[in-house]
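Reviewing the structure listed below.
Quick caveat, the model's predicted, so the values are computed rather than measured. Residue numbers begin at 1 in each chain, while the letters A, B, ... track the order of the sequences.
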Number of protein chains: 2
Amino acid sequence: MSTDEIPSVWTRPRRSREQPALSRRQIVAEAVRLLDAEGLDALTMRRLGTRLEAGATSLYRHVANRDELIELVVDEVYGEIDIPDTDPADWRGAATTCAHSIRSMILRHPWIASVLGQVGLSYLGPNVMRLNERMMAMLDEAGFPPAEAGPAISTVVAFVIGTGLNEAAWLTMLARSGQTEQDWYRRFGPSLGQAMEPFPHLRAHFGANADQEPTRRREENFAYGLARVLDGLSPRRT
Amino acid sequence: MSTDEIPSVWTRPRRSREQPALSRRQIVAEAVRLLDAEGLDALTMRRLGTRLEAGATSLYRHVANRDELIELVVDEVYGEIDIPDTDPADWRGAATTCAHSIRSMILRHPWIASVLGQVGLSYLGPNVMRLNERMMAMLDEAGFPPAEAGPAISTVVAFVIGTGLNEAAWLTMLARSGQTEQDWYRRFGPSLGQAMEPFPHLRAHFGANADQEPTRRREENFAYGLARVLDGLSPRRT
DNA sequence: CCGTCGTGCGTACGTTGTTCGCATGGACGG
DNA sequence: CCGTCCATGCGAACAACGTACGCACGACGG
C-alpha cells in the first residue's frame with residue numbers, strides 16, 4: 001500500500017529486449033567519444049552513464065572501476081593502429097608508416113597523453129600485444145639480431161610516444177583555453193619573449209622554421225627525428 | 001559571550017614570527033616530498049596542509065590551484081637536472097650525461113609520468129627554460145646547423161621522456177601493488193604466458209636479456225637506445 | 001510455479017578541490 | 001601611542017566525484 005513502489009513501477013517499465021541495454025563494448029566506445037569530445041576531466045561515470053541513457057552506477061556491472069575503464073579505452077584506441085605487412089627488405093618504410101600511424105592515433109585522441117603515465121606502455125591488452133607482435137615480426141624478418149629487436153622497438157616507440165606526448169599536451173592545453181595556436185602566440189608572445197630574454201641561444205633559435213604552418217612544422221620535425229632514429233638503428237642490421 | 005570565539009582564541013594564539021608560517025617554496029618542497037613518498041593520488045590539499053601544520057585552504061594564499069602547484073612542482077624537479085658545460089668537441093658525451101641526468105630525475109620522481117601529459121614538456125618554468133638553453137648552447141657550440149639544433153634536441157628529449165615514462169609507469173604500478181619485480185613475474189607469469197601464446201615473435205623474444213637484473217637491463221636498454229639516437233644525429237654535424 | 005541469476009539504478013557515504021568570509025596580528029600613518 | 005589597513009591563516013560550506021549497498025525487475029531452469 002505504500003506509495004514507494006509506484007514510482008519504480010511507472011518510471012521504469014521500459015525494460016525491453018530490443019535495447020541490448022548496456023554492454024562493455026558500448027561503454028568503451030562511448031567513453032572514447034566522450035574523451036575525444038571533451039577531454040579526460042569530462043570522463044565521469046555519471047556523464048558517461050547519462051550519455052548511454054543509463055544510471056551512473058549501472059556501468060559498474062560491466063566495468064570494475066574507472067581505472068579499468070581507462071585501461072580498456074587505451075587498448076581500444078591502440079586497436080586503431082595498423083601495421084601493413086610489407087616485404088622484409090623495406091623494414092624502414094614499414095617502421096616509418098607504423099610510427100606515423102601511432103602518432104596520428106595520439107593526435108586523434110590527445111587525452112591519451114594524460115593517461116599514458118598511469119597505465120604505462122606495456123600491459124597486456126590484446127590490441128597492444130598484437131601491435132608489439134607485428135613490430136617484432138617486422139624486425140625479425142628484416143634480419144635484426146634477436147637480442148636487439150626488443151631494444152630497437154622500445155627505442156623508436158619511446159621516441160614516437162615522447163613526441164606525441166609533447167604535441168598532445170600542447171594541443172590539449174590550447175583546446176582547454178579555447179585558443180588557436182596563433183591566438184596563443186599573440187597573447188603570450190610578450191611574456192614569452194621576456195622569459196627568453198636571459199637565454200641567448202633560445203632567443204637565437206626562436207622563430208626558426210617559423211615560416212611553415214605549425215601543424216606542418218610539427219610533422220616535419222617528427223619526420224626528421226624519426227629519420228634520425230632509424231638512421232641510428234639502420235647500420236646494426238645483420 | 002558566545003563560546004564561538006573561545007576555541008579560535010585558544011587553539012591559535014600560536015602566531016609567532018620565528019615561524020615564517022607558509023611560503024611558496026616550502027609548499028612546493030613539501031609537495032615533492034609527499035609525491036615521492038606516496039605518489040600523485042596522495043597529493044591532496046588537505047594532506048599537504050596537514051604536513052605543513054597548516055589548514056588546507058591556507059595553501060591557496062600562495063598557490064592558485066592544485067594544477068598550478070603541480071606545474072611548480074614539475075619545474076622544481078626539472079631544476080635537479082644539471083648539464084655540465086663540457087668542451088664542444090665532446091658534444092656526444094655531454095648529451096649522454098644530460099640524457100642520463102634526465103632519466104635519473106624521472107626515476108627519482110616516478111609520479112612525474114602521471115603528470116607530464118597534463119603540463120606538457122614545453123612551458124615557461126625557469127628551470128625548464130634554463131635546461132633548454134643549456135642544451136641549445138651545447139648543440140650550437142658543437143656546430144649543429146641552426147635549423148637542426150631544435151629538432152635534434154626534441155628528438156633526444158622525446159626518446160628520454162618516452163623511455164622514462166614507460167619505466168616510471170611500470171615502477172609506479174609495482175609500488176602501488178607493493179610488489180617487487182620478481183613477485184610480479186611469479187604472480188602473473190602464467191597469465192602473461194597465456195596472453196603471449198598467440199604471438200610467436202613475442203614468445204621468441206620473451207626472456208631475452210633475462211640473465212641480468214631488471215634494473216641493470218633497463219639501464220642497458222636505455223643506453224643502447226640513446227646510443228642509436230645519437231648515432232643517427234651524429235653524421236649531420238657539419 | 002518458484003527460486004535464482006543477471007542487470008539496472010536510487011540512495012548514500014566519504015573524499016576531493018575550491019570559495020567565502022571572518023579573525024588575527026604586524027605595519028604603518030598620524 | 002592609537003587607529004587603520006592589509007596580508008595571511010582557517011573553519012565552514014558546497015558541488016562534484018568514485019563507488020558500495022541493497023532493492024527491483026525480467027528471464028529462465030527446474
Side-chain angles (χ1 to χ4, degrees), chain A residues 2-27 30-31 34-35 38-73 114-115 118 176, chain B residues 2-27 30-31 34-35 38-73 114-115 118 176:
Chain A
S2 69
T3 58
D4 293 335
E5 304 149 13
I6 294 180
S8 76
V9 166
W10 279 112
T11 58
R12 194 171 28 77
R14 43 186 58 256
R15 183 74 48 85
S16 57
R17 255 136 324 304
E18 358 286 331
Q19 307 283 57
L22 243 42
S23 87
R24 205 170 158 108
R25 237 189 312 277
Q26 260 191 353
I27 293 177
E30 189 65 37
L34 178 53
L35 285 167
E38 310 193 42
L40 183 62
D41 291 343
L43 182 63
T44 292
M45 301 307 267
R46 291 176 229 258
R47 291 197 55 164
L48 185 56
T50 320
R51 276 197 166 221
L52 291 159
E53 300 184 284
T57 66
S58 309
L59 307 175
Y60 287 89
R61 294 287 177 191
H62 307 267
V63 160
N65 40 26
R66 186 169 182 266
D67 286 347
E68 182 183 292
L69 174 63
I70 287 180
E71 287 189 25
L72 292 172
V73 154
S114 327
V115 142
Q118 302 176 31
R176 192 160 38 195
Chain B
S2 67
T3 58
D4 293 334
E5 303 152 13
I6 293 180
S8 77
V9 167
W10 279 110
T11 59
R12 194 172 29 79
R14 42 185 61 254
R15 184 75 50 85
S16 57
R17 253 137 330 303
E18 0 286 329
Q19 307 283 58
L22 243 43
S23 87
R24 210 173 158 105
R25 236 189 314 276
Q26 260 192 352
I27 293 177
E30 189 65 36
L34 178 55
L35 286 166
E38 311 192 42
L40 184 62
D41 291 343
L43 183 63
T44 294
M45 302 306 267
R46 290 176 229 260
R47 290 198 54 166
L48 185 56
T50 322
R51 275 198 166 222
L52 291 160
E53 300 183 284
T57 64
S58 308
L59 307 174
Y60 287 88
R61 294 287 176 191
H62 307 267
V63 160
N65 284 348
R66 185 168 182 268
D67 286 348
E68 182 183 294
L69 173 62
I70 286 180
E71 287 190 24
L72 292 172
V73 153
S114 326
V115 141
Q118 303 176 30
R176 193 161 37 195

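Within the structure, a side-chain polar atom (N or O) of A:His62 is placed less than 4.0 Å from OP1 or OP2 of C:dG8.
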Reading 5' to 3' through nucleotides 13-22 of chain C, protein heavy-atom contacts under 4.0 Å coded B for base, S for sugar-phosphate only, - for none: ---BBBB-B-
Audit row: A:Arg24, A:Glu68, salt bridge (charged side-chain N to carboxylate O under 4.0 Å, His left out) steps and yes/no: CA-CA 11 Å; A:Arg24 205 170 158 108; A:Glu68 182 183 292; 3.6 Å; yes
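You'll find the side chain of A:Ile27 stays beyond 4.5 Å of the side chain of A:Leu72, heavy atoms only. Between A:Arg176 and A:Asp41 there is a side-chain heavy-atom pair separated by less than 4.5 Å. The shortest distance between side-chain heavy atoms of A:Thr44 and A:Leu34 does not fall below 4.5 Å. Looking only at side-chain heavy atoms (C-beta outward), B:Leu69 and B:Leu48 come within less than 4.5 Å of each other.
The interatomic distance linking B:Glu53 (CD) with D:dG9 (P) rounds to 13 Å, in whole Å. For the pair A:Leu59 CG and D:dA20 C1', the interatomic distance rounds to 15 Å; values are reported in whole Å. Remark: C1' of D:dC25 and CG of A:Leu22 are 16 Å apart, rounded to the nearest angstrom. For the pair A:Ile27 CD1 and C:dG8 C1', the computed distance is 11 Å after rounding to whole Å. When the P atom of C:dC9 is taken as reference, atom CG of A:Leu48 falls 13 Å away, rounded to whole Å.
Taking all atoms of both residues into account, the shortest heavy-atom contact from B:Leu22 to B:His62 is O-CE1, 3.3 Å.
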